[in-house]
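Naming convention: chains lettered A, B, ... in sequence-line order (proteins, then strands); numbering from 1 in each chain.
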Amino acid sequence: MLEEALREIQRGSAEIIGNEEIEKLLRAYFKDGKTYTVKAGFDPTAPDLHLGHTVLLQKLATFQKYGATIQFLIGDFTAQIGDPTGKSATRKTLSALQIQENAKSYSEQVFKILDASKTTIVFNSEWINNLGASGLLSLTTTFNVARMLERDDFDKRYKSGTSIAISEFIYPLLQGYDSVHLKSDIEIGGTDQKFNLLMGRHLQRAYEIGKEQAVLMMPILEGLDGVQKMSKSLNNYIGVAEEPNDMFAKVLSISDTLMWRYYELLSTKTLSEIEALREGVENNSLHPKKVKEELALEITARFHSQELAQSAREEFERVHANNEIPADMPEYSFDEAIWIAKALLDCNMVPSTSQARRDIKQGAIKINQEKISDEQLQLGSGEYILQVGKRKFAKVKVN
RNA sequence: GGUGAGUUAGUCAAGUGGCCAACGACGACGGACUGUAAAUCCGUUCCCUACGGGUUCGGUGGUUCAAAUCCACCACUCACCA
């Protein structure tokens, strides 16, 4: 049981510091039911979570399964500084009201994964505001500039002469101080957070609170392309709020190799179950598509429901495997006869009439399932189903 | 503050007076093949009811019959020095 728990906790992690401490905590839990705390920090900026974020959340859920109480920390104070990790753009400050709203929408999304009864939401402004000037000063005495510059991005910026605001040095210190205040047993975060996470350990030692948090880092999830990290700006993400049909189709569109990665980081199946699937695929007793479908179903059901996931699957089969038209599609209507290229443009199916002409030339345009080749075609009155490629559909009515 | 290099389509990156709507790579989109994909192969890739027209190569002016290409100024980025 302990072994199993440890394996699930270590699953997919990029690096663990203080593994023995985690083991100790788990042992105490299995022996005496003693609980412990796991901290994870989040930005108070408008949360629009995608699967990449849920990797961390699911790790937290695993911890909850094995006795942890989650300290879900919303960094409302530290957000005023802006985490220097990666980007250097200064953040705009959020009003208290906005932060409250964001926190609320966070919890709506987050509790699809986390057990609310074992989660405490905390805001770090609560204690940092009370720190005072002298408190802050004594915090800074625990560290020095040389060590601060060990941090990779600081180092690079320092060497290249890019400015580093003093406040940015304060950021990791405050994040670490959160761990002191919360007396966290474990903190988890992305690999890019290593420096900040270790700061928690350092400060807990400096403040002599009698423990040093273990640190577990999760890798960054690859996006749909399988190469770059999942992010909104790269448009290779699956949002947790997406429609079931889209969600299902997106998961199914990943490559077979990437599928195993997603299984490891996103599925709630146990490692041995996954191993069984993998063996099945390897010895050809299981079709990879089936395995991928199962993953798509699981993920879609998690954020919607079992039923919606099932119907998304049927819809997908209908449209892609059988080349039928989807049940739902956007509808448009026009008042008079319209040129086909213009209609496609107005229905947002192509970016320009030039593109529409090219698509027609290439046989990508279908009207009522029939390929068309006439670029000049006018749509007279009637109802049509327009299709661009395999995926884009629209119902058009011309009066 | 000084010196030098640079700024080209979604990104990277050629082009250094006319043959440039601009090589190439990636991406994206479409077609074939499939398991939906991936891989592979083929095609497309500024806009416009189009064998034609319009607008592009950091910005503004200039030289020229002709400029992404030459000149001037401005803006920004980077490197080295201080």
Side-chain angles (χ1 to χ4, degrees), chain A residues 88-89 156-163 222-238 242 244-263 277-278 280-282 284-297 299-300 309 311-326 334 336-367 369-380 386-394:
Chain A
S88 55
K156 275 191 199 130
R157 283 163 67 190
Y158 185 67
K159 280 185 179 147
S160 75
T162 316
S163 88
E222 292 85 352
L224 300 176
D225 51 50
V227 182
Q228 285 178 286
K229 68 168 187 175
M230 182 175 283
S231 86
K232 224 175 164 180
S233 49
L234 292 171
N235 196 26
N236 61 359
Y237 69 102
I238 303 178
E242 281 190 61
N245 286 345
D246 294 337
M247 199 178 260
F248 186 89
K250 279 188 181 181
V251 176
L252 215 52
S253 80
I254 63 174
S255 73
D256 288 0
T257 354
L258 188 60
M259 159 173 92
W260 298 115
R261 180 80 172 150
Y262 277 31
Y263 258 113
L277 291 176
R278 194 195 288 268
V281 168
E282 264 159 30
N284 290 324
S285 66
L286 261 179
H287 198 292
K289 192 193 173 197
K290 276 265 164 283
V291 180
K292 208 182 288 176
E293 262 179 5
E294 213 165 309
L295 177 69
L297 275 176
I299 290 175
T300 311
S311 66
R313 176 198 177 151
E314 284 155 23
E315 176 80 358
F316 188 89
E317 282 299 312
R318 180 162 54 227
V319 176
H320 295 277
N322 307 332
N323 280 320
E324 289 171 32
I325 54 173
F334 298 98
E336 49 189 17
I338 185 166
W339 177 40
I340 177 68
K342 193 86 176 68
L344 291 168
L345 179 68
D346 287 350
C347 297
N348 299 317
M349 297 171 83
V350 292
S352 67
T353 57
S354 299
Q355 182 64 47
R357 280 164 178 270
R358 278 181 226 122
D359 285 341
I360 292 170
K361 236 175 259 168
Q362 296 186 118
I365 310 293
K366 287 184 192 164
I367 296 178
Q369 313 255 55
E370 296 289 327
K371 241 180 223 186
I372 62 159
S373 54
D374 180 10
E375 290 176 30
Q376 304 300 329
L377 189 72
Q378 296 286 329
L379 295 179
L386 304 187
Q387 182 179 354
V388 179
K390 288 175 190 161
R391 314 191 168 166
K392 281 173 280 185
F393 295 88

query: Under 4.0 Å between a side-chain N or O of A:Ser255 and OP1 or OP2 of B:rA39?
result: no
message: Ignoring hydrogens, what is the shortest heavy-atom contact between A:Ile299 and A:Met247? Give both atom names and the distance.
response: O-SD, 4.1 Å
query: How is A:Ser354 classified with respect to the nucleic acid when contacts are heavy atoms under 4.0 Å: base, sugar-phosphate, or nothing?
result: base
A:Tyr263 side chain to A:Val291 backbone, donor-acceptor under 3.5 Å: yes
field: P spacing across the pair B:rU11 / B:rC57, given as an integer number of angstrom
entry: 15 Å
message: Work out how far the C1' atom of B:rU63 is from that of B:rA72, and round it to whole angstrom.
response: 11 Å
Shortest non-hydrogen separation from A:Met349 to A:Ala394 and the atoms involved: SD-CB, 3.6 Å
SB check A:Lys250 A:Asp246 (cutoff 4.0 Å): no
message: Applying the Watson-Crick and G-U wobble criteria at under 3.5 Å, what pairs with B:rA28? Answer none if nothing qualifies.
response: B:rU44
task: Determine the interatomic distance between C1' on B:rA37 and the same-named atom on B:rC48; round to the nearest Å.
output: 36 Å
field: Whole-Å C1' distance, B:rG31 and B:rA66
entry: 41 Å
message: Checking one value: the base orientation of B:rA72, syn if chi is within 90 degrees of 0, otherwise anti.
response: anti
message: Can you measure A:Lys250 atom NZ to B:rA37 atom P for me and round it to whole angstrom units?
response: 16 Å
A:Gln387 side chain vs A:Gly389 backbone, donor-acceptor pair below 3.5 Å: yes
- request: Write down the partner of B:rA38 under the Watson-Crick or G-U wobble criteria, each distance required to be under 3.5 Å.
  value: none
field: SB check A:Lys289 A:Glu317 (cutoff 4.0 Å)
entry: yes
Euclidean distance, atom CD of residue A:Gln376 to atom P of B:rC51 [Å, nearest integer]: 9 Å
- request: Quote, to the nearest angstrom, the C1' distance that separates B:rA14 from B:rA25.
  value: 11 Å
message: I'd like to know if the side chain of A:Tyr237 reaches the main chain of A:Lys229, judged simply by a donor and an acceptor atom lying under 3.5 Å from each other, with no hydrogens or angles considered.
response: no
Rounded distance in Å between the C1' positions of B:rC65 and B:rC70: 16 Å
Opposite nucleotide pairing with B:rA82, Watson-Crick or G-U, both atom distances under 3.5 Å: none
- request: In whole angstrom, give me the gap between the C1' atoms of B:rG54 and B:rA75.
  value: 28 Å
query: Across all strands, who's sitting opposite B:rG17 as a Watson-Crick or G-U wobble pair, both distances under 3.5 Å?
result: none
field: Watson-Crick or G-U counterpart of B:rA66, or none if no pair lies under 3.5 Å
entry: none
message: Output the rounded distance in Å from CD (A:Gln355) to P (B:rC46).
response: 9 Å
Ring-face cation contact, A:Phe393 with A:Lys366, 6.0 Å cut, 45° max: no
message: Applying a 4.0 Å non-hydrogen cut-off, can you work out what A:Gln378 is touching in the nucleic acid: base, sugar-phosphate, or nothing?
response: base
message: Using atom C1' in both nucleotides, what's the gap between B:rC23 and B:rC76 to the nearest angstrom?
response: 28 Å
- prompt: In whole angstrom, what separates A:Gln387's CD from B:rC29's P?
  reply: 16 Å
query: In whole angstroms, how far is the P atom of B:rU49 from the CG atom of A:Leu379?
result: 15 Å
- prompt: Separation of A:Leu258 atom CG from B:rA39 atom P, in whole Å?
  reply: 12 Å
A:Asp225 CG - B:rC29 P separation (whole Å): 12 Å
query: For B:rG6, which nucleotide in any strand shown is its Watson-Crick or wobble partner with both distances under 3.5 Å?
result: B:rC76
message: Output the rounded distance in Å from CH2 (A:Trp339) to P (B:rC48).
response: 8 Å
message: Does the protein touch nucleotides 30-36 of chain B at the base, only the backbone, or not at all? Give it as B, S and - per nucleotide, heavy atoms under 4.0 Å.
response: SS-BBBB
task: Mind listing the closest non-hydrogen atom pair of A:Val388 and A:Leu344 along with its distance?
output: CG2-CD2, 3.9 Å
task: Write down the partner of B:rA22 under the Watson-Crick or G-U wobble criteria, each distance required to be under 3.5 Å.
output: none
